[in-house]
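Before any comments, here is the structure.
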2 protein chains.
Amino acid sequence: MNLDICKFCSTRSSAAEQLGSDELDKLNYSCVKVSFSKGDIIFKQNALSSNIIYIREGLVNIHITGPKREQILKIAKGPTYLGIPTTLGDKINHYSATALTETEVCFIDINTFKEFIATNSDFAYEIIVDLCKNELYHFHCCVNQLQKQSPGRIAEALLFFANEIFENDKFILPLNRHEFGDLTGCSRENVSRTLTDFNKEGLIKIDGKKIEIIKVDSLEWISKNG
Amino acid sequence: MNLDICKFCSTRSSAAEQLGSDELDKLNYSCVKVSFSKGDIIFKQNALSSNIIYIREGLVNIHITGPKREQILKIAKGPTYLGIPTTLGDKINHYSATALTETEVCFIDINTFKEFIATNSDFAYEIIVDLCKNELYHFHCCVNQLQKQSPGRIAEALLFFANEIFENDKFILPLNRHEFGDLTGCSRENVSRTLTDFNKEGLIKIDGKKIEIIKVDSLEWISKNG
DNA sequence: TTCGAGATGTGATGTAAATCACAATTGTAT
DNA sequence: ATACAATTGTGATTTACATCACATCTCGAA
């Protein structure tokens, strides 16, 4: 698999041939590639950050410490950028990022990034569209969480994993029941109960973390109207 | 008051002197200024859009139709841009915008906007930071709505109006109780009750829509921990 | 294998807040 | 002013869901 899709990595490698080692060091510093294992913290809420994060490959849990419990804001899936608003803005991470799978990450220096934006308007456009997706997600999230009751939110989360993350009706949930509750705004117990209900009604099949969506339409209905 | 702060309006007026009337028409079309009265719909959810909206002056209610009730996502305050992700993305409005006060709006043609981004990287940067603010707001919103109970959400909304919108502890709420509930995810009755509670406890003073924040600290505490 | 810790399922109970119901108040047009 | 509609306040009832409590299951370490 070719993971060398980071714009800054490619820039570096093509430019490297014509550069002396001092300049090469400087450029190396502008994009550093790091691997994370499941459970590793990529960056922490409230910490200072001067890098843009490019998730090359892997699933990442984006979460914050809420007044009562940990709140999962979203599950990010590579390839995607993280921390652009933070790093362009007040430089303080407004959320934590934790690897849910083996994850390949590029840390891109802010100045390198800014230069790239300035000389490449298509890229700026691409980023804005990417941020757009986030914005839409959050609009979704807000309505979802506010108005639907728990079965609706849980159904939506299941469809989200099937459609957006795994692109498959059969998948292994990368969260435990507690974390699934942190994502959907439910208690651990409520998640359990609702999943077994869905199971009994034949909407899904569960075997621990292995989940199979059976009746997509019914789940979609619950997600929209439940 | 000088309202001519729209980048595209200024471009037009300075360029206009050297242009023939055909070219002028074309440029006029690229940025159209419109006034809205209180209650007017600026654009509607699900409608097609090929314009970026620049709110020059005024308060705008950003809302969507949820499964159960209308949901207010945020109160936008000019000067600010709206619809950038929409117009760069799938061109369908993902929310409605309704004027809460007299509002001055520029409708900017997408091509004009794109050209401007391409030739002005500072501007792209500015927009990304602006979108960033939105993203942060929504993170806030999500945790807020999910984990706090209603007094906390209502306290936060009151502080939001005082600090962000009116920059004054005394203000006239631009929403009725029902709409205030749509913003905070509460029923009309719950908003009433909570506000009278706050009033009785001396945290605020209410006279219909006139609200005065008395004990900021207490409200902040409730907003954070309530 | 056995053990034990963490994860999960499930019933009983408590509670925040929606809903229902109606009264009181305010605003608005005639 | 009068009438009527919309908004707001407040009590009573209902309900979704959290919390509590405890049983069961899973899985890794000894």
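Numbers restart at 1 for each chain; the letters A, B, ... are given by sequence-line order, proteins then strands.
- Separating the CZ atom of B/F180 from the P atom of D/dT7 is a distance of 17 Å, rounded to the nearest angstrom.
- Every pair passing side chain to side chain donor-acceptor pair (under 3.5 Å) that includes a residue from residues 165-183 of chain A is listed here, sequence neighbours excluded: A/K77-A/E167.
- Applying the salt bridge (Lys or Arg N to Asp or Glu O under 4.0 Å) test to pairs two or more places apart or on separate chains, those with a residue in residues 141-162 of chain A are A/K148-A/E156.
- Partners of B/S50 according to the side-chain hydrogen bond (donor to acceptor under 3.5 Å, both in side chains) rule, which considers only residues two or more places apart in sequence or in another chain, do not exist here.
- By the side-chain hydrogen bond (donor to acceptor under 3.5 Å, both in side chains) test, A/S187 is found to be paired with no residue, residues two or more places apart in sequence or in another chain being considered.
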Treating primed atoms plus P, OP1 and OP2 as sugar-phosphate and everything else as base, which nucleotides of nucleotides 9-17 of chain C get B, S or - for protein heavy atoms under 4.0 Å? BBBB---SS
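- A straight line from NZ of B/K209 to C1' of D/dT8 spans 9 Å, rounded to a whole angstrom.
- Over its full length, the helix from C/dT1-D/dA30 to C/dT30-D/dA1 turns its helical axis through 40°, comparing axes from the five pairs at each end and rounding to 10°.
- For the residue pair B/N61/B/T98, the side-chain donor-acceptor check at 3.5 Å is not satisfied.
- Between A/Y81 and A/Y54, the ring planes lie tilted relative to each other; the angle falls in the 30° to 60° range.
- Residues meeting the side-chain hydrogen bond (donor to acceptor under 3.5 Å, both in side chains) test with A/Q147, sequence neighbours left out: B/Q71.
- Remark: B/T65 engages B/Q45 in a side-chain hydrogen bond (donor to acceptor under 3.5 Å, both in side chains) (not counting sequence neighbours).
- Listed by first and then second residue, the salt bridge (Lys or Arg N to Asp or Glu O under 4.0 Å) pairs involving residues 200-210 of chain B are B/D207-B/K210 (not counting sequence neighbours).
- Residue B/K68 is classed as having no contact, given no heavy-atom separation below 4.0 Å to the nucleic acid.
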Can you tabulate the close N/O pairs, meaning under 3.5 Å, that link protein atoms to atoms of nucleotides 13-15 of chain D?
none

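- The distance between atom NZ of B/K210 and atom C1' of D/dT7, rounded to the nearest whole Å, is 16 Å.
- If you measure from atom NE2 of B/H178 to atom C1' of C/dT25, you get 19 Å, rounded to the nearest angstrom.
- Atom CZ in B/F198 sits about 17 Å away from atom C1' in D/dT10, given to the nearest Å.
- A straight line from CG of B/D197 to P of D/dT10 spans 9 Å, rounded to a whole angstrom.
- Evaluation of the salt bridge (Lys or Arg N to Asp or Glu O under 4.0 Å) test over residues 58-72 of chain A, restricted to residues two or more places apart or in two chains, returns none.
- Distance CD1 (A/I222) to P (D/dA16): 14 Å, rounded to an integer number of Å.
- Regarding B/D207, its CG atom lies at a distance of 11 Å from the C1' atom of C/dT26, rounded to whole Å.
- For residues 86-96 of chain B, the side chain to side chain donor-acceptor pair (under 3.5 Å) pairs, not counting sequence neighbours, are B/D90-B/H94.
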